[in-house]
**Q** 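Sharing a structure below in structure tokens format, with a few things to ask.
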Amino acid sequence: MINKRAASVAAAVADIHDGATVMIGGFGEAGSPIELIHALIDHGARNLTVVSNNTGSGRVGLAALIANGQVAKMICSYPRSTNSMVFPELYRKGCIQLELVPQGTLAERIRAGGAGIPAFFTATSVGTVLAKGKELRSFSDRDYVMEYGLRADFALVKAEKADRHGNLVYNKTARNFGPIMCMAARTAIVQAKEFVEVAGIDPENVVTPGIFVSRVVVVAQPAQESQLVKEGRCYP
Amino acid sequence: MARLVAADVPDGAYVNLGIGIPELVAQFVPDGREVIFQTENGLLGMGPAPVLGTEDPELINAGKKAVTAISGAAYFHHADSFAMIRGGHIDICVLGAMQVSAEGDLANWSTGEADAIPAVGGAMDLVAGVKKIFILTEHTTKAGEPKIVACCTYPLTGKAVVDRIYTNLAIIDVTAEGLAVREVAPGVSFAEVQEKTGAKLTDERQIPKTSGVNKDL
């Protein structure tokens, strides 16, 4: 019988190894899997390459993972936001690498990686510094730059509802990178607010089909990043 | 300025608004027009800010501010969102600018300074994929330097991507022949607009009169 439910957030992230590439869902705090990230801090894997749209805020969640020295490289589109001090500080000191990717190219690279597409051409970034050194091709008189599909060893994703097959439903704009990161990771680890019986999600409403998900752990009352930042919290 | 942009957004348009001043455009959509706002973090049918105390941290816009969803809205993941943008499905995008060139090059994401943290977000995708790019900006910098220039000195967001510029002094179209002034603000002369612009302008205030630029949408 298939049962992807993990006993705890600690058990769910236990095999993340040093040097792994980890995709972390979320756009700002919406969809950020804080409890899984904190479990990864407790677990201690180092030298990670993290793929995530932002670099976290305050000293909790993704920012805390970076502050804890576990991230060697960030692949992201916007490593700067209100209350974001950890990444800028380490970046200026040369302690962390950055691969800056336009947001749509980042999403498409992840989607392509998950769909078995090694590379594709896009008009985004043509004529800018972000296209430097990349292969250019012209189709119907327009220039396009080649970008590579992106895969990961693990993904950490936040969902609203899950069943034992790993079928997922998200909440509003917290969906963002979740579905495509589940596709692109060899092991997709999901924290869901609610765990339902297999018939509990109408097949018409499944957003991420369970085949893309390896593990589900229930976090019934996830912390909200902005609230933790407001309270001046620091993890660990 | 935001009101002038909103007046040029036709009924039925799908529109993406950049972070900051462009967000104001949503408030000025003329009565009787149905305009659908897309926010690239996964919502088509973005409504106004929520009533204080009813904010949902999982319902935000690209600027990470709390918003609402109108009835008939749709949520989707990031690859679908950027397929809307990069696939040419969005009609108009309104963005801010650091510099715009005579050829419609746009610089709005980086000063290129050595110690700046580079952050691009969705700007390069929007200018590459959206049908019409409108720029909403002050005509000059706070120091009085022209923002409309012969050639951008800041790193580009995209080459030859801007269609129209709305400033506090004028509305200017980027055309194959160069920058054409379509309208000037009350009490402002063409000569003054030219003086505060770093590229050559032509006075085309008569042909055609304002808006209509998007009749073909």
Side-chain angles (χ1 to χ4, degrees), chain A residues 25 27-31 53-55 57 76-82 84 87-88 91-92 98 100-108 110-112 114-115 122-131 143-144 158 160 170-181 183 207-208 224-227, chain B residues 19 39-43 46 55-69 73-88 103 105-107 109-110 112 114-129 152 154-161:
Chain A
F27 180 90
E29 67 171 328
N53 189 62
N54 306 100
T55 50
S57 64
C76 72
S77 89
Y78 208 86
R80 199 170 61 190
S81 44
T82 330
S84 163
F87 178 85
Y91 180 74
R92 287 203 176 94
L98 170 66
L100 188 72
V101 184
Q103 201 173 136
T105 295
L106 182 65
E108 191 61 16
I110 295 167
R111 194 199 71 83
T122 176
T124 296
S125 92
V126 167
T128 76
V129 293
L130 296 189
D143 287 339
Y144 296 82
K158 183 185 187 186
E160 187 72 6
Y170 300 83
N171 183 42
K172 307 188 181 80
T173 57
R175 182 184 306 189
N176 56 68
F177 286 89
I180 52 176
M181 287 183 169
M183 291 166 63
V207 176
T208 292
Q224 208 55 57
E225 189 177 283
S226 55
Q227 190 58 35
Chain B
I19 297 169
T39 179
E40 60 262 34
N41 55 313
L43 167 60
M46 177 173 64
E55 298 91 345
D56 180 346
E58 298 199 328
L59 179 47
I60 59 173
N61 66 11
K64 304 189 176 84
K65 288 207 272 293
V67 293
T68 51
Y75 298 115
F76 35 83
H77 63 63
H78 247 78
D80 279 354
S81 181
F82 279 89
M84 292 175 195
I85 292 167
R86 292 149 63 110
E103 267 138 36
D105 297 352
L106 173 66
W109 72 282
S110 165
D115 70 332
I117 306 296
V120 66
M124 288 186 183
D125 306 286
L126 287 161
V127 300
C152 296
Y154 291 132
L156 293 187
T157 309
K159 271 184 92 68
V161 293

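Proteins come first, then strands; the chains are lettered A, B, ... in the order of their sequence lines, and each starts at number 1. Since the model is a prediction, treat every value here as computed from it, not as a measurement.
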**Q** Go through the atoms of A:Y170 and report whether side chain, backbone, both or neither lie under 4.5 Å from a heavy atom of chain B.
**A** neither

**Q** Identify the heavy atoms of B:L59 and A:T173 that sit nearest to each other, and give their distance.
**A** CA-OG1, 3.4 Å

**Q** Out of curiosity, B:I117 CD1 to A:L100 CG, how far, rounded to the nearest 0.5 Å?
**A** 10.5 Å

**Q** Just do the side chain to side chain contact (heavy atoms under 4.5 Å, CB included) check on B:F82 and A:Q103 with the steps written out, would you?
**A** CA-CA 8 Å; B:F82 279 89; A:Q103 201 173 136; 3.7 Å; yes

**Q** Of the listed residues (B:A128, B:A107, B:A119), which shares the most heavy-atom pairs with chain A below a 4.5 Å separation?
**A** B:A119

**Q** Would you say A:R111's side chain and B:A79's backbone share a donor-acceptor pair under 3.5 angstrom?
**A** no

**Q** Taking all atoms of both residues into account, what is the closest heavy-atom pair of A:N54 and B:K64, and its distance?
**A** ND2-NZ, 3.1 Å

**Q** Can you name the nearest heavy-atom pair linking A:N171 to B:D56, along with the distance?
**A** ND2-OD2, 4.3 Å

**Q** How long is the gap from CG on B:D105 to OG1 on A:T128, to the nearest 0.5 Å?
**A** 11.5 Å

**Q** Could you tell me which non-hydrogen atom of B:P118 sits nearest to which non-hydrogen atom of A:L98, and how far apart they are?
**A** CG-CD2, 3.8 Å

**Q** Counting only heavy atoms closer than 4.5 Å, note whether A:I110 contacts chain B via side chain, backbone, both or neither.
**A** neither

**Q** If you take all heavy atoms of B:P57 and A:A30, which pair is closest and at what distance?
**A** O-CB, 3.6 Å

**Q** Under 6.0 Å between ring centres, would you say that holds for B:H78 and A:F27?
**A** yes

**Q** Hey, could you give me the CE/NE2 distance between A:M183 and B:H77, rounded to the nearest 0.5 Å?
**A** 7.0 Å

**Q** So, for A:Y78 and B:G121, which heavy atoms are closest and what is the spacing to 0.1 Å?
**A** CD1-N, 3.5 Å

**Q** Can you tell me how far apart CG (B:L43) and CG (A:N176) are? Round to the nearest 0.5 Å.
**A** 12.0 Å

**Q** Going through the distances and angles, do A:V126 and B:K159 end up as a side chain to side chain contact (heavy atoms under 4.5 Å, CB included)?
**A** CA-CA 8 Å; A:V126 167; B:K159 271 184 92 68; over 6 Å; no

